[in-house]
Protein chains: 2
Amino acid sequence: MAARKSPARPIEPALSPVDGLAQLSFTVLGMLERRAAKHDLSLSQTRLLGVLRDRRPTMQELARLLGLDKSSVTGLVDRAERRGLVTRVASTADRRAVEVHLTDAGRSLATAGATDFAADVTALLELLAPADRRALSELINRLLLAHAAEHGVDLFATMAV
Amino acid sequence: MAARKSPARPIEPALSPVDGLAQLSFTVLGMLERRAAKHDLSLSQTRLLGVLRDRRPTMQELARLLGLDKSSVTGLVDRAERRGLVTRVASTADRRAVEVHLTDAGRSLATAGATDFAADVTALLELLAPADRRALSELINRLLLAHAAEHGVDLFATMAV
DNA sequence: TATTGTTATACTCTATAACTATA
DNA sequence: TATAGTTATAGAGTATAACAATA
(Lines give C-alpha, C1' and ligand atoms only; values in the text may rest on other atoms or scores of the structure.)
Protein backbone atom coordinates (compact mmCIF):
# COMPACT_ATOMS: atom_id res chain seq x y z
CA MET A 1 0.00 0.00 0.00
CA ALA A 2 2.22 2.81 -1.21
CA ALA A 3 1.29 6.40 -0.47
CA ARG A 4 -0.62 7.61 -3.49
CA LYS A 5 -0.02 11.28 -3.74
CA SER A 6 2.16 12.16 -0.82
CA PRO A 7 4.14 15.33 -1.46
CA ALA A 8 7.86 15.80 -0.85
CA ARG A 9 7.99 14.13 2.54
CA PRO A 10 6.90 10.51 2.50
CA ILE A 11 4.35 9.35 5.04
CA GLU A 12 5.76 5.81 5.01
CA PRO A 13 8.43 4.95 7.51
CA ALA A 14 11.74 5.19 5.74
CA LEU A 15 14.90 3.18 5.97
CA SER A 16 18.04 5.22 6.53
CA PRO A 17 20.09 5.69 3.37
CA VAL A 18 22.61 3.17 4.66
CA ASP A 19 20.01 0.56 5.58
CA GLY A 20 18.18 1.10 2.32
CA LEU A 21 21.27 0.51 0.24
CA ALA A 22 22.20 -2.54 2.31
CA GLN A 23 18.71 -3.98 2.06
CA LEU A 24 18.60 -3.38 -1.69
CA SER A 25 21.93 -5.11 -2.12
CA PHE A 26 20.79 -8.15 -0.17
CA THR A 27 17.61 -8.28 -2.21
CA VAL A 28 19.41 -8.16 -5.55
CA LEU A 29 22.15 -10.61 -4.60
CA GLY A 30 19.49 -12.91 -3.17
CA MET A 31 17.75 -12.89 -6.55
CA LEU A 32 21.00 -13.79 -8.25
CA GLU A 33 21.66 -16.59 -5.79
CA ARG A 34 18.18 -18.08 -6.09
CA ARG A 35 18.29 -17.98 -9.87
CA ALA A 36 21.71 -19.59 -9.91
CA ALA A 37 20.50 -22.31 -7.55
CA LYS A 38 17.77 -23.19 -10.06
CA HIS A 39 20.58 -24.17 -12.44
CA ASP A 40 22.48 -25.88 -9.62
CA LEU A 41 25.07 -23.14 -9.60
CA SER A 42 26.63 -21.44 -6.62
CA LEU A 43 27.37 -17.73 -6.66
CA SER A 44 31.05 -18.59 -7.15
CA GLN A 45 30.38 -20.85 -10.10
CA THR A 46 28.10 -18.19 -11.55
CA ARG A 47 30.82 -15.58 -11.28
CA LEU A 48 33.28 -17.98 -12.90
CA LEU A 49 31.02 -18.57 -15.89
CA GLY A 50 30.25 -14.86 -16.09
CA VAL A 51 33.90 -13.91 -16.21
CA LEU A 52 34.60 -16.50 -18.90
CA ARG A 53 31.87 -15.27 -21.22
CA ASP A 54 34.20 -12.86 -22.93
CA ARG A 55 37.66 -13.99 -21.82
CA ARG A 56 39.98 -16.99 -21.96
CA PRO A 57 42.19 -16.24 -18.99
CA THR A 58 44.94 -18.31 -17.43
CA MET A 59 44.42 -19.62 -13.93
CA GLN A 60 46.38 -16.75 -12.52
CA GLU A 61 44.40 -14.12 -14.44
CA LEU A 62 41.23 -15.81 -13.30
CA ALA A 63 42.40 -15.61 -9.70
CA ARG A 64 42.93 -11.87 -10.10
CA LEU A 65 39.60 -11.32 -11.85
CA LEU A 66 37.70 -13.20 -9.14
CA GLY A 67 39.77 -11.87 -6.27
CA LEU A 68 40.67 -15.37 -5.10
CA ASP A 69 43.85 -17.26 -4.35
CA LYS A 70 45.09 -19.39 -7.24
CA SER A 71 44.59 -22.55 -5.18
CA SER A 72 40.93 -21.63 -4.71
CA VAL A 73 40.59 -21.22 -8.44
CA THR A 74 42.05 -24.67 -8.99
CA GLY A 75 39.16 -26.15 -7.01
CA LEU A 76 36.55 -23.90 -8.60
CA VAL A 77 37.69 -24.83 -12.11
CA ASP A 78 38.01 -28.51 -11.15
CA ARG A 79 34.37 -28.65 -10.17
CA ALA A 80 33.21 -26.72 -13.23
CA GLU A 81 35.31 -28.95 -15.49
CA ARG A 82 33.88 -32.08 -13.88
CA ARG A 83 30.44 -30.80 -14.86
CA GLY A 84 31.57 -30.10 -18.41
CA LEU A 85 31.12 -26.33 -18.14
CA VAL A 86 34.74 -25.31 -18.77
CA THR A 87 37.90 -26.89 -20.16
CA ARG A 88 41.57 -26.39 -19.43
CA VAL A 89 43.58 -25.73 -22.57
CA ALA A 90 47.37 -25.73 -22.55
CA SER A 91 48.78 -22.33 -23.36
CA THR A 92 50.88 -22.27 -26.51
CA ALA A 93 52.91 -19.30 -25.31
CA ASP A 94 53.96 -20.58 -21.87
CA ARG A 95 54.14 -24.27 -21.17
CA ARG A 96 53.51 -23.71 -17.47
CA ALA A 97 50.20 -21.99 -18.07
CA VAL A 98 46.71 -23.20 -18.94
CA GLU A 99 43.82 -21.22 -20.34
CA VAL A 100 40.31 -21.79 -19.09
CA HIS A 101 37.66 -21.88 -21.81
CA LEU A 102 33.89 -22.02 -21.56
CA THR A 103 32.36 -25.09 -23.23
CA ASP A 104 29.15 -24.80 -25.24
CA ALA A 105 27.27 -26.19 -22.26
CA GLY A 106 28.93 -23.65 -19.99
CA ARG A 107 28.06 -20.83 -22.33
CA SER A 108 24.43 -21.90 -22.53
CA LEU A 109 24.19 -22.01 -18.78
CA ALA A 110 25.87 -18.63 -18.37
CA THR A 111 23.52 -17.08 -20.92
CA ALA A 112 20.43 -18.66 -19.40
CA GLY A 113 21.46 -17.52 -15.95
CA ALA A 114 22.11 -13.97 -17.07
CA THR A 115 18.75 -13.85 -18.86
CA ASP A 116 16.88 -15.11 -15.80
CA PHE A 117 18.62 -12.70 -13.51
CA ALA A 118 17.95 -9.78 -15.85
CA ALA A 119 14.28 -10.74 -15.85
CA ASP A 120 14.20 -10.69 -12.04
CA VAL A 121 15.89 -7.33 -11.75
CA THR A 122 13.76 -5.88 -14.53
CA ALA A 123 10.64 -7.04 -12.71
CA LEU A 124 11.94 -5.40 -9.55
CA LEU A 125 12.63 -2.12 -11.34
CA GLU A 126 9.19 -2.17 -12.91
CA LEU A 127 7.72 -1.67 -9.48
CA LEU A 128 8.75 1.94 -9.99
CA ALA A 129 7.08 4.39 -12.30
CA PRO A 130 9.03 4.78 -15.57
CA ALA A 131 10.35 8.21 -14.64
CA ASP A 132 11.51 7.00 -11.25
CA ARG A 133 13.11 3.99 -12.85
CA ARG A 134 15.12 6.14 -15.24
CA ALA A 135 16.13 8.46 -12.44
CA LEU A 136 17.27 5.57 -10.27
CA SER A 137 19.40 4.07 -13.02
CA GLU A 138 20.93 7.41 -13.77
CA LEU A 139 21.83 8.00 -10.12
CA ILE A 140 23.27 4.52 -9.73
CA ASN A 141 25.40 5.08 -12.81
CA ARG A 142 26.65 8.36 -11.45
CA LEU A 143 27.49 6.74 -8.14
CA LEU A 144 29.30 3.80 -9.70
CA LEU A 145 31.26 6.00 -12.06
CA ALA A 146 32.39 8.18 -9.18
CA HIS A 147 33.31 5.13 -7.16
CA ALA A 148 35.20 3.54 -10.03
CA ALA A 149 37.05 6.79 -10.68
CA GLU A 150 38.04 7.09 -7.04
CA HIS A 151 39.48 3.60 -6.99
CA GLY A 152 41.11 3.79 -10.40
CA VAL A 153 39.01 0.89 -11.56
CA ASP A 154 37.52 0.27 -14.95
CA LEU A 155 33.85 -0.14 -14.20
CA PHE A 156 33.29 -2.19 -17.31
CA ALA A 157 36.21 -4.55 -16.97
CA THR A 158 34.88 -6.74 -14.21
CA MET A 159 31.20 -6.79 -15.06
CA ALA A 160 29.95 -10.31 -15.05
CA VAL A 161 26.51 -11.86 -15.00
CA MET B 1 35.11 12.98 -11.95
CA ALA B 2 31.34 12.93 -12.45
CA ALA B 3 29.88 15.03 -15.20
CA ARG B 4 29.33 18.40 -13.55
CA LYS B 5 26.36 19.91 -15.21
CA SER B 6 25.46 17.53 -17.97
CA PRO B 7 21.79 17.84 -18.80
CA ALA B 8 19.38 14.96 -19.08
CA ARG B 9 21.50 12.69 -21.25
CA PRO B 10 24.81 11.62 -19.69
CA ILE B 11 27.99 11.83 -21.67
CA GLU B 12 29.63 8.99 -19.77
CA PRO B 13 29.16 5.44 -20.96
CA ALA B 14 26.34 3.91 -18.94
CA LEU B 15 25.70 0.50 -17.50
CA SER B 16 22.30 -0.97 -18.25
CA PRO B 17 19.85 -0.61 -15.37
CA VAL B 18 20.22 -4.30 -14.61
CA ASP B 19 24.02 -4.25 -14.69
CA GLY B 20 24.11 -1.08 -12.63
CA LEU B 21 21.98 -2.53 -9.89
CA ALA B 22 23.99 -5.75 -9.90
CA GLN B 23 27.27 -3.90 -9.77
CA LEU B 24 26.06 -1.65 -6.97
CA SER B 25 24.93 -4.68 -4.97
CA PHE B 26 28.28 -6.38 -5.35
CA THR B 27 30.03 -3.18 -4.31
CA VAL B 28 27.98 -2.75 -1.17
CA LEU B 29 28.12 -6.38 -0.09
CA GLY B 30 31.83 -6.37 -0.78
CA MET B 31 32.19 -3.45 1.63
CA LEU B 32 30.28 -5.35 4.27
CA GLU B 33 32.39 -8.44 3.75
CA ARG B 34 35.69 -6.56 3.92
CA ARG B 35 34.68 -4.71 7.06
CA ALA B 36 33.56 -7.93 8.70
CA ALA B 37 36.83 -9.59 7.79
CA LYS B 38 38.68 -6.82 9.64
CA HIS B 39 36.99 -8.10 12.79
CA ASP B 40 37.59 -11.71 11.75
CA LEU B 41 33.94 -12.20 11.02
CA SER B 42 32.40 -13.97 8.07
CA LEU B 43 29.25 -12.63 6.44
CA SER B 44 27.30 -15.42 8.16
CA GLN B 45 28.68 -14.57 11.58
CA THR B 46 27.93 -10.91 10.92
CA ARG B 47 24.34 -11.70 10.05
CA LEU B 48 24.04 -13.81 13.19
CA LEU B 49 25.26 -11.00 15.43
CA GLY B 50 23.07 -8.53 13.57
CA VAL B 51 19.94 -10.58 14.08
CA LEU B 52 20.70 -11.02 17.78
CA ARG B 53 21.08 -7.33 18.46
CA ASP B 54 17.42 -6.91 19.26
CA ARG B 55 16.23 -10.49 19.71
CA ARG B 56 16.79 -13.57 21.86
CA PRO B 57 15.49 -16.23 19.56
CA THR B 58 15.50 -19.99 19.95
CA MET B 59 17.63 -22.00 17.54
CA GLN B 60 14.60 -22.71 15.44
CA GLU B 61 13.58 -19.06 15.23
CA LEU B 62 17.14 -18.21 14.36
CA ALA B 63 17.08 -20.74 11.55
CA ARG B 64 13.97 -19.08 10.15
CA LEU B 65 15.37 -15.57 10.54
CA LEU B 66 18.59 -16.49 8.76
CA GLY B 67 16.97 -18.75 6.19
CA LEU B 68 19.14 -21.70 7.17
CA ASP B 69 18.60 -25.28 8.25
CA LYS B 70 18.62 -25.78 12.01
CA SER B 71 21.70 -27.97 11.76
CA SER B 72 23.55 -25.14 10.01
CA VAL B 73 22.60 -22.84 12.84
CA THR B 74 23.98 -25.30 15.37
CA GLY B 75 27.40 -24.96 13.77
CA LEU B 76 27.13 -21.21 13.34
CA VAL B 77 26.23 -20.72 17.00
CA ASP B 78 28.86 -23.25 18.11
CA ARG B 79 31.61 -21.22 16.48
CA ALA B 80 30.27 -17.92 17.80
CA GLU B 81 29.94 -19.38 21.29
CA ARG B 82 33.49 -20.73 21.16
CA ARG B 83 34.60 -17.15 20.51
CA GLY B 84 32.54 -15.84 23.40
CA LEU B 85 30.21 -13.79 21.20
CA VAL B 86 26.95 -15.55 22.10
CA THR B 87 25.65 -17.88 24.78
CA ARG B 88 23.04 -20.62 24.82
CA VAL B 89 20.49 -20.14 27.60
CA ALA B 90 18.00 -22.86 28.48
CA SER B 91 14.44 -21.78 27.81
CA THR B 92 12.27 -21.71 30.91
CA ALA B 93 9.11 -22.30 28.94
CA ASP B 94 10.16 -25.39 26.96
CA ARG B 95 12.84 -27.69 28.27
CA ARG B 96 13.72 -28.78 24.73
CA ALA B 97 14.53 -25.26 23.59
CA VAL B 98 17.48 -22.93 24.07
CA GLU B 99 17.65 -19.21 23.56
CA VAL B 100 20.66 -17.59 21.95
CA HIS B 101 21.84 -14.40 23.63
CA LEU B 102 24.50 -11.93 22.57
CA THR B 103 27.31 -11.52 25.12
CA ASP B 104 28.75 -8.09 25.87
CA ALA B 105 31.69 -8.93 23.63
CA GLY B 106 29.31 -9.99 20.88
CA ARG B 107 27.32 -6.80 21.22
CA SER B 108 30.44 -4.66 21.04
CA LEU B 109 31.56 -6.43 17.91
CA ALA B 110 28.13 -6.15 16.30
CA THR B 111 28.00 -2.45 17.06
CA ALA B 112 31.53 -1.80 15.84
CA GLY B 113 30.84 -3.71 12.64
CA ALA B 114 27.62 -1.83 11.98
CA THR B 115 29.35 1.50 12.60
CA ASP B 116 32.20 0.67 10.24
CA PHE B 117 29.87 -0.50 7.55
CA ALA B 118 27.70 2.58 7.89
CA ALA B 119 30.82 4.71 7.49
CA ASP B 120 31.75 2.90 4.28
CA VAL B 121 28.31 3.25 2.78
CA THR B 122 28.06 6.86 3.86
CA ALA B 123 31.38 7.58 2.18
CA LEU B 124 30.09 5.92 -0.95
CA LEU B 125 26.91 7.98 -0.92
CA GLU B 126 28.87 11.15 -0.38
CA LEU B 127 30.33 10.74 -3.83
CA LEU B 128 26.99 12.10 -4.97
CA ALA B 129 25.85 15.67 -4.65
CA PRO B 130 23.50 16.12 -1.67
CA ALA B 131 20.42 16.49 -3.84
CA ASP B 132 21.29 13.36 -5.80
CA ARG B 133 21.93 11.50 -2.59
CA ARG B 134 18.54 12.37 -1.19
CA ALA B 135 16.89 11.45 -4.47
CA LEU B 136 18.65 8.09 -4.58
CA SER B 137 17.62 7.20 -1.03
CA GLU B 138 14.06 8.21 -1.70
CA LEU B 139 13.91 6.06 -4.84
CA ILE B 140 15.47 3.08 -3.09
CA ASN B 141 12.93 3.39 -0.30
CA ARG B 142 10.11 3.52 -2.78
CA LEU B 143 11.45 0.46 -4.55
CA LEU B 144 11.92 -1.55 -1.36
CA LEU B 145 8.51 -0.62 -0.02
CA ALA B 146 6.88 -1.73 -3.26
CA HIS B 147 8.88 -4.94 -3.21
CA ALA B 148 8.06 -5.66 0.43
CA ALA B 149 4.39 -4.98 -0.21
CA GLU B 150 4.37 -7.34 -3.17
CA HIS B 151 5.87 -10.14 -1.13
CA GLY B 152 3.86 -9.47 2.01
CA VAL B 153 7.05 -8.93 3.94
CA ASP B 154 7.73 -6.55 6.76
CA LEU B 155 10.63 -4.52 5.50
CA PHE B 156 11.78 -3.64 8.98
CA ALA B 157 11.57 -7.05 10.58
CA THR B 158 14.65 -8.62 9.06
CA MET B 159 16.96 -5.63 8.94
CA ALA B 160 20.27 -6.56 10.39
CA VAL B 161 23.68 -4.99 10.33
C1' DT C 1 65.60 -17.41 -9.09
C1' DA C 2 60.85 -16.37 -10.19
C1' DT C 3 56.44 -17.80 -11.89
C1' DT C 4 52.50 -21.12 -13.00
C1' DG C 5 49.73 -24.32 -11.38
C1' DT C 6 48.60 -28.26 -8.26
C1' DT C 7 48.51 -30.72 -3.90
C1' DA C 8 48.07 -31.23 1.08
C1' DT C 9 45.76 -29.54 4.75
C1' DA C 10 42.54 -26.99 7.56
C1' DC C 11 38.59 -24.31 8.51
C1' DT C 12 33.87 -22.18 7.61
C1' DC C 13 29.46 -22.83 5.84
C1' DT C 14 25.73 -25.44 4.26
C1' DA C 15 22.47 -29.44 3.82
C1' DT C 16 20.29 -34.19 4.62
C1' DA C 17 19.42 -37.89 7.60
C1' DA C 18 19.42 -40.06 11.92
C1' DC C 19 19.26 -39.51 16.74
C1' DT C 20 17.88 -37.78 21.79
C1' DA C 21 14.97 -35.43 24.80
C1' DT C 22 11.20 -33.39 25.58
C1' DA C 23 6.13 -32.09 24.51
C1' DT D 1 3.38 -38.59 17.30
C1' DA D 2 5.49 -34.15 16.68
C1' DT D 3 8.93 -30.71 17.82
C1' DA D 4 13.68 -28.74 19.44
C1' DG D 5 18.11 -29.41 19.06
C1' DT D 6 22.45 -32.06 18.15
C1' DT D 7 25.39 -35.29 15.76
C1' DA D 8 27.23 -37.70 11.74
C1' DT D 9 28.45 -37.08 7.32
C1' DA D 10 29.27 -34.98 2.86
C1' DG D 11 30.45 -31.44 -0.18
C1' DA D 12 31.49 -26.50 -1.77
C1' DG D 13 34.38 -22.73 -1.05
C1' DT D 14 38.30 -20.48 0.75
C1' DA D 15 43.25 -19.85 2.34
C1' DT D 16 48.26 -20.96 3.49
C1' DA D 17 52.23 -23.60 2.69
C1' DA D 18 54.91 -26.79 0.13
C1' DC D 19 55.86 -28.69 -4.25
C1' DA D 20 56.90 -29.72 -9.54
C1' DA D 21 57.57 -27.92 -13.99
C1' DT D 22 58.96 -24.27 -16.70
C1' DA D 23 60.76 -19.62 -17.55
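Only this structure's heavy atoms are used, side chains among them; waters, hydrogens and symmetry mates stay out.
Among the heavy atoms of the strands, none lies under 4.0 Å from A:V73. As judged by a 4.0 angstrom heavy-atom cut-off over every strand, B:T58 is placed among residues touching the sugar-phosphate backbone only.
What separates CD of B:E61 from P of D:dT3 is a distance of 15 Å, to the nearest Å. One atom, CZ of B:R82, and another, P of C:dT12, lie 6 Å apart when rounded to the nearest Å. Between B:L65 atom CG and D:dA4 atom C1' the separation is 16 Å, expressed in whole Å. B:D40 has its CG atom 14 Å from the P atom of C:dC11, to the nearest Å.
B:R142 meets the side chain to side chain contact (heavy atoms under 4.5 Å, CB included) test with A:L128, A:D132, B:E138, B:L139; sequence neighbours excluded. Not counting sequence neighbours, A:D69 has no partner by the salt bridge (charged side-chain N to carboxylate O under 4.0 Å, His left out) test. Every residue two or more places apart in sequence or in another chain was checked for a side-chain hydrogen bond (donor to acceptor under 3.5 Å, both in side chains) with B:S25, and none qualifies.
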**Asked** In the 5'-to-3' direction, what one-character label does each nucleotide of nucleotides 13-23 of chain D receive under the scheme B = base within less than 4.0 Å of a protein heavy atom, S = sugar-phosphate only, - = no such atom?
**Response** BSBBB---BBS

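Here salt bridge (charged side-chain N to carboxylate O under 4.0 Å, His left out) pairs that include residues 98-112 of chain A, with residues two or more places apart or in two chains, number zero. Residue pairs that meet the salt bridge (charged side-chain N to carboxylate O under 4.0 Å, His left out) test with at least one member in residues 79-88 of chain A, sequence neighbours left out, are A:D78-A:R88, A:E81-A:R88.
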